[in-house]
Asks: 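A single structure is presented below for examination.
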Amino acid sequence: MTTSTAPATEGAARRGALSARTRPPKAGPLSAALTFAWRSMLKLKHVPDQMSDAVVLPVMFTLMFTFLFGGAISGTTHDYLQFFLPGVMVLAVTLSSVFSGISLNLDLSKGSFDRFRTLPIWRPSMLIGAALGDTFRYFVASLVPFLVGLLLGFRPGGGVVGLLLALLFLQLFAFCLSWLWTMFALLLSTPTGFQGLTMPIQFVLVFASNVMVPPQTMPGWLDAVVSANPISHVATAVRGLLHGTVTAGQLGAGFLACAAFLVVFGTVTSVLFSKRQR
Amino acid sequence: MTVIDTPAIPTGAGGRLRWVFIDGWTVTQRAFAHWARNPGVVIFTLLFNVLIVLLFNYLIGGAIIVPGGGEYRDFLMPGMFTMTMLFGIAQTTIAVTTDVDRGVTDRFRSMPMSSAAVLIGRAVADMLFSILTLIVMMLAGLAIGWRAAGSSQAFWGAVGLILLLRFALIWIGVYLGLVLHTEATTSAQTLEFPVGFLSSAFVSPDTMPAWLGTIAEWNPLSATVTATRQLFGNPGVGQSGSWVVENATLMAIVWPVLLLLIFLPLSVKSYRNLSR
């Protein structure tokens with residue numbers, strides 16, 4: 001008779017050990033997104049390279065272009081800095097936003113992404129959370145060149161309000177641009193392949209823009225290309241906000257550039273992401 | 001039992017010299033074989049240099065003031081020819097470091113071959129690649145409208161100065177390749193840009209803050225850039241009147257010779273001290 005009761009007792013004991021406390025409630029979309037945002041923040045602690053890369057390069061560009069090229073472009077380094085520094089802030093967040101894609105691509109290649117898919121969470125929270133967590137990096141990446149610029153003699157006519165609006169606008173821009181890199185992260189299987197393809201795109205986006213020099217000094221055909229580049233519209237809007245000279249048209253074009261990145265690449269990313277879930 | 005005849009090591013000075021050149025040429029051919037099997041690296045290197053020409057000429061060139069007037073492309077090209085010679089340092093460093101880390105250099109040292117041949121072979125291969133790079137750059141310059149206005153003797157003199165600088169820079173690359181590990185070679189690449197930009201290659205030191213202009217003028221690269229601008233008959237030599245600008249051709253010979261006197265013995269010493 002003992003043989004029949006033993007398994008029952010054993011099973012009850014096992015169940016008791018497994019469910020000593022009640023199962024925690026299923027994470028809501030916001031809770032899951034914030035958890036992934038925190039994970040993104042922790043990556044900065046463990047992989048500080050991504051922060052230093054995003055900050056060191058723009059600072060180097062600021063110093064190099066201001067002192068070496070400034071006098072040859074604008075007559076004096078001071079005059080050139082007033083034009084160039086807002087562009088460097090755009091450059092900084094553009095380079096910084098790539099790490100969103102690198103991070104996701106590493107998760108995909110290491111299998112972390114597949115582990116997260118097995119969790120009872122709202123699926124898009126992985127991407128949205130990571131994008132939210134990156135906002136701190138964008139903030140630092142845009143603020144550090146600004147502080148260096150202040151030391152070198154940059155004086156924003158827009159004051160503190162202009163600076164805050166410019167920083168907020170850069171946050172929005174970086175968030176929207178990050179979907180381009182997220183799309184490539186989902187398309188390409190290896191981190192090497194990802195970096196190999198995104199490097200030339202970054203190069204074209206940044207250099208074929210009005211970040212460094214006004215397009216009026218370029219040949220006609222190139223002026224047209226540069227004027228069509230969304231980065232140019234963003235740089236113009238940031239310049240206007242910092243100097244307090246922004247027009248509704250400039251701001252509108254800047255928002256339109258952000259919206260274009262978000263709508264086009266956000267949609268493609270959503271499609272690619274949902275395909276991966278199957 | 002099979003007896004393998006090892007080649008006899010020459011004893012006379014002439015024989016030894018011939019031995020160095022034959023073995024050196026074998027090492028050079030090995031480098032050619034590497035490039036032939038991996039043409040992507042060669043194409044990328046050449047295209048990267050052309051891309052920088054296009055970037056500076058079309059995107060930034062229109063905004064840059066050339067001292068004494070003239071077209072920016074004519075000012076830029078002598079600087080770009082010199083810059084490509086500088087960019088070659090990383091290529092040499094990576095090639096040498098890769099051979100050291102993979103144990104290829106140790107194999108060469110254990111063979112009955114001239115010890116000088118390994119370094120000479122590498123230098124010859126890189127010099128020949130530099131000539132190819134210079135030809136491609138000159139064609140790119142001609143395509144964007146650059147012209148050498150000087151005499152043919154002056155033209156070949158300028159080419160000679162550019163290649164003399166490259167020969168000196170090869171030995172910096174060889175030395176760095178022998179003392180650095182593969183992971184550290186990126187630092188050699190990173191150093192190229194500040195050294196290259198902090199010269200008169202892209203903008204005249206006259207337009208820089210005084211302290212920075214002085215540093216740029218005394219950069220060994222600037223001597224070659226200024227001398228080749230003079231010899232090619234291109235604008236923007238600079239009106240600072242400093243001694244180093246006035247004697248650019250002399251300095252374009254002195255700097256490479258000085259670099260050779262420092263880095264050639266250092267390279268030989270580092271090569272001999274490997275694995276000790």
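Reminder, nothing fancy here: chain letters follow the sequence lines and each chain counts from 1.
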Asks: What part of Ile64(B) gets closer than 4.5 Å to chain A, counting heavy atoms only: side chain, backbone, both or neither?
Replies: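 Both parts, backbone and side chain.
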Asks: Assess whether atom CZ of Phe139(A) is packed by more than 12 heavy atoms of other residues, nucleotides or ligands within 6.0 Å.
Replies: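 Incorrect, the count does not exceed 12.
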Asks: Please report the interatomic distance CG(Leu68(A)) to CG(Leu212(B)), rounded to the nearest 0.5 Å.
Replies: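 If we round to the nearest 0.5 Å, Leu68(A):CG and Leu212(B):CG are 5.0 Å apart.
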Asks: Between Ile73(A) and Ile60(B), is any pair of side-chain heavy atoms under 4.5 Å apart?
Replies: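 Touching, per the 4.5 Å side-chain cut-off.
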Asks: I'd like to check the ring pair (Phe, Tyr, Trp, His ring centres under 6.0 Å) partners of Phe255(A); sequence neighbours left out, ordered by chain and number.
Replies: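 Phe255(A): ring pair (Phe, Tyr, Trp, His ring centres under 6.0 Å) contacts with Phe169(A).
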Asks: Using side-chain heavy atoms (C-beta onward) and a distance below 4.5 Å, is Leu59(B) in contact with Met218(A)?
Replies: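 Yes, at least one pair of side-chain atoms sits under 4.5 Å.
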Asks: Check whether any side-chain heavy atom of Leu198(B) lies under 4.5 Å from a side-chain heavy atom of Phe67(A), and answer yes or no.
Replies: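 Not touching, per the 4.5 Å side-chain cut-off.
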Asks: I'd like a table of all donor-acceptor pairs linking chain B to chain A (distance under 3.5 Å, no angle check), giving the atom names and the distance to one decimal.
Replies:
from     : atom 1 : to       : atom 2 : distance (Å)
Ile65(B) : N      : Ala72(A) : O      : 2.7

Asks: Between Phe65(A) and Phe197(B), is the ring centre distance below 6.0 Å?
Replies: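 Between Phe197(B) and Phe65(A), which both carry aromatic rings, the centre distance is not below 6.0 Å.
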